[in-house]
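These notes concern the structure reproduced below.
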Amino acid sequence: MKKRTLVILTGLLGAVALTAYLTRASWTGSSGGATAQSAPRVRVVSVELAKAERKPVPVDVDAIGTVTPISSVALKSRVETTIVSVHFEDGARVNEGDLLFTLDARQIDAQIEQAEGTLARDRAQLAGAERDLKRFSDLIGKGATTQVNVDNAQTQADILTGTIKADQSALDNLKVQKSYTIIRAPFSGRISAANVKIGNFVRPADTAPLATINQMAPVYVSFAIPQRVLVDLREAMAKGDSKVVATIPGHQRSEDGKVAMVENTVDSTTGMVTVRGIMANGNETLWPGTLVATKLIIRTENSVVVPTVAVQRSQTGNYVFAVKEGVAKVMPVKVDRTFQGVSVISEGLSGGEDVVVDGQLLLSDGTRVEPRARKAGA
């Protein structure tokens, strides 16, 4: 009997507990009814902002260029002889007129002395022939000689006059030959290593030069641009607005210059045209043969720019999140070009807008935002 009573009592307690759990909402509140639920909290996204600015931005074209010297000369011997002296250090900078090589001129000196002796002899003979001519001319007036003797004296004087001219030409030629034994720098630049040393025999038929001089300042930078840029470039050249900047890859050093020449034909296979810029290169930053990153600046335009990281892309085009009164708004934009980490906006912004540069993944049109400080260096 007691066991049955215990089972019934346990069942009643379980039923009471279940009823209390199911009706907890009615007895946990105040006597006035259920507690009012708090309003849902609005999500606010923390973002980094930047200003859309209107400022001058260059219109440029990037290309790979090659540095070439304006003047380059391969020094060669014009006579067959030997090297007596080398007057420069390999790779040194030389100035116009500097003595570079001295060649053996002893044989030419002997030939010059011989030619000078022949010339002196023929001049003496000419002087004698002129005296004879004068003597016969005086005698013919007195009837003491014949006209034949006068004519013969005149002929001899004319022959010796021609001989002296030939002697003088031979002497001048030998002096020119001797000048070839002194080799000087034709212009200022940097010379290569000497391919010959003292005692080497050289001749005009040698294929290898004695040395090579390249002009270092100024220099040319040659590169190719698309043909679509050609019209704008020619207009800029007419106004004097074009500019060329050449930078050595991996370094910050660069040289500025201007367009010196545009090739007169476009390569029909590539649609590119060759442009040559001239750079002052006073510090010899650009070395002949070096590949450089070339930037052709055609003109400068006043445009709206934003950091490139602010521009987002979708199937419908580019857009940015512009923030006004703490709310992010999707603004479709048209990007004209990029320049040094910024994008030039041709349509969609007028300048002065706050745009989101970090935190776009959490945004949608109408999301409330709060700005945060930009990271250092951003």
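- In this structure the side chain of Leu100 reaches within 4.5 angstrom of the side chain of Val94, judged on heavy atoms.
- The 12-atom threshold is not exceeded at CD of Glu89, counting heavy atoms of other residues, nucleotides or ligands nearer than 6.0 Å.
- Put simply, the side chain of Arg184 never gets that close to the backbone of Asp98: no donor and acceptor are under 3.5 Å apart.
- Note: the hydrophobic cluster containing Tyr180 also contains Ile83 (ILVMFWY, side chain heavy atoms under 4.5 Å, direct or indirect links).
- Phe223 is not listed as a side-chain neighbour of Thr66, based on a closest heavy-atom distance of 4.5 Å or more.
- Counting only distance, with no hydrogens or angles, the side chain of Asp122 and the backbone of Ile164 share no donor-acceptor pair below 3.5 Å.
- Heavy atoms from other residues, nucleotides or ligands lying under 6.0 Å from CD of Gln107 number 12 at most.
- Taking both residues in full, the closest heavy atoms of Ile298 and Ala236 are given as O-CB, 3.2 Å, listed atom of the first, atom of the second, then distance.
- Using a 4.5 Å cut-off between side-chain heavy atoms of Ile, Leu, Val, Met, Phe, Trp and Tyr, with links allowed through other members, Val176 and Phe101 fall into the same hydrophobic cluster.
- Within the 4.5 Å cutoff, the side chain of Thr102 has no heavy atoms near those of the Thr181 side chain.
- Between Leu296 and Thr294, every side-chain heavy-atom pair lies at or beyond the 4.5 Å cut-off.
- Gln215 and Ser71 are linked by a side-chain donor-acceptor pair at a separation below 3.5 angstrom, with hydrogens and angles left out of the test.
- Scanning all heavy atoms of the two residues, the minimum distance from Ala105 to Lys178 falls at CB-CG, 4.3 Å.
- For the residue pair Thr308 / Ser343, a side-chain donor-acceptor distance below 3.5 Å is found, with atom types taken as modelled.
- The 12-atom threshold is not exceeded at NZ of Lys329, counting heavy atoms of other residues, nucleotides or ligands nearer than 6.0 Å.
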Please test Met279 against Val244 for side chain to side chain contact (heavy atoms under 4.5 Å, CB included), starting from the C-alpha separation and ending with a verdict.
-> CA-CA 8 Å; Met279 328 296 283; Val244 179; 4.3 Å; yes
Run the side chain to side chain donor-acceptor pair (under 3.5 Å) check on Asn214 and Ser72 step by step: do they pass?
-> CA-CA 4 Å; Asn214 287 332; Ser72 180; 2.6 Å; yes
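- Qualifying salt bridge (Lys or Arg N to Asp or Glu O under 4.0 Å) partners for Glu284, counting only residues two or more places apart in sequence or in other chains: Arg93, Arg190.
- We find the CG-CE distance between Leu230 and Met237 to be 9.5 Å, quoted to the nearest 0.5 Å.
- One finds the CD atom of Glu116 at 9.0 Å from the CD atom of Gln168 (value rounded to the nearest 0.5 Å).
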Go through the steps to decide whether Val335 and Val311 satisfy the test side chain to side chain contact (heavy atoms under 4.5 Å, CB included), and finish with yes or no.
-> CA-CA 9 Å; Val335 178; Val311 180; 3.9 Å; yes
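- Taking hydrophobic clusters as Ile, Leu, Val, Met, Phe, Trp and Tyr residues chained together by side-chain heavy-atom distances below 4.5 Å, Val219 shares a cluster with Val262.
- Contact annotation: the side chain of Leu75 approaches that of Ile213 to within less than 4.5 Å [non-hydrogen atoms, C-beta and beyond].
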Run the side chain to side chain contact (heavy atoms under 4.5 Å, CB included) check on Asp151 and Gln154 step by step: do they pass?
-> CA-CA 5 Å; Asp151 292 342; Gln154 181 65 58; 5.6 Å; no
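- Taking CD1 of Ile345 as the reference point, atom OG of Ser303 lies at 10.0 Å (rounded to 0.5 Å).
- Annotation: side chain of Asp132 is not in contact with side chain of Gln156 (no heavy-atom distance under 4.5 Å).
- Under the 4.5 Å side-chain criterion, counting only non-hydrogen atoms from C-beta, Asp256 is in contact with Lys243.
- The backbone N or O of Lys197 sits less than 3.5 Å from a side-chain atom of Asn200, completing a donor-acceptor pair.
- Arg121 CZ: more than 12 foreign heavy atoms inside a 6.0 Å radius.
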Give the intermediate values and the outcome of side chain to side chain donor-acceptor pair (under 3.5 Å) for residues Thr269 and Asp267.
-> CA-CA 6 Å; Thr269 59; Asp267 190 336; 2.6 Å; yes
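- Taking every heavy atom of both residues into account, Pro69 and Pro288 meet most closely at CD-CB, 3.8 Å.
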Could you walk me through whether Glu255 and Thr285 pass side chain to side chain donor-acceptor pair (under 3.5 Å), step by step?
-> CA-CA 7 Å; Glu255 286 287 338; Thr285 301; 3.2 Å; yes
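- Under the 4.5 Å side-chain heavy-atom criterion for grouping Ile, Leu, Val, Met, Phe, Trp and Tyr, Leu119 is connected to Leu126 within one hydrophobic cluster.
- Counting only distance, with no hydrogens or angles, the side chain of Asn281 and the backbone of Leu286 share a donor-acceptor pair below 3.5 Å.
- The CG atom of Asp60 lies 12.0 Å from the CD1 atom of Ile225; values are rounded to the nearest 0.5 Å.
- In summary, Arg123 and Asp167 do not engage in a salt bridge, as defined by a charged side-chain N under 4.0 Å from a carboxylate O.
- A salt bridge does not link Arg106 with Asp109: every distance from a Lys NZ or Arg NE/NH1/NH2 to an Asp or Glu carboxylate oxygen is 4.0 Å or more.
- In this structure, Pro56 and Thr300 approach most closely via the heavy-atom pair CB-CG2, 3.6 Å.
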Step by step, work out the side chain to side chain contact (heavy atoms under 4.5 Å, CB included) result for Val327 and Val369.
-> CA-CA 6 Å; Val327 177; Val369 299; over 6 Å; no
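- Residue Val356 is tested with Val45, Leu49, Val309, Leu362 for a side chain to side chain contact (heavy atoms under 4.5 Å, CB included); the sole match is Leu49.
- A side-chain donor-acceptor contact under 3.5 Å links Asp365 to the backbone of Val330.
- Under the 4.5 angstrom side-chain criterion for Ile, Leu, Val, Met, Phe, Trp and Tyr, the cluster partners of Trp287 are Met216.
- One finds the CG atom of Leu363 at 6.5 Å from the CD atom of Gln360 (value rounded to the nearest 0.5 Å).
- Note that CD of Glu53 and CD of Glu353 are 11.5 Å apart. Values are rounded to the nearest 0.5 Å.
- Side chain of Asp158 to backbone of Thr155: no donor-acceptor contact under 3.5 angstrom is found.
- Residues Pro204 and Val79 form no side-chain contact, since every pair of their non-hydrogen atoms from C-beta on lies 4.5 Å or further apart.
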Output, in order, the C-alpha distance, side-chain angles, deciding distance and verdict of salt bridge (Lys or Arg N to Asp or Glu O under 4.0 Å) for Asp206 and Arg203.
-> CA-CA 6 Å; Asp206 291 340; Arg203 55 184 180 176; 3.4 Å; yes
For salt bridge (Lys or Arg N to Asp or Glu O under 4.0 Å), just list the numbers for Glu301 and Arg299, CA-CA rounded to whole Å, side-chain angles, deciding distance to a tenth of an Å, and then say yes or no.
-> CA-CA 7 Å; Glu301 296 178 343; Arg299 62 181 180 274; 2.9 Å; yes
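- Note: the hydrophobic cluster containing Val266 also contains Leu233 (ILVMFWY, side chain heavy atoms under 4.5 Å, direct or indirect links).
- Ser222 and Thr68 make their closest contact through OG-OG1, 4.1 Å (heavy atoms, listed as atom of the first residue, atom of the second, distance).
- Closest of all the heavy-atom pairs between Ala52 and Val304 is CB-CG1, 4.3 Å.
- Applying the 6.0 Å contact sphere to CD of Gln114 captures no more than 12 heavy atoms from other residues, nucleotides or ligands.
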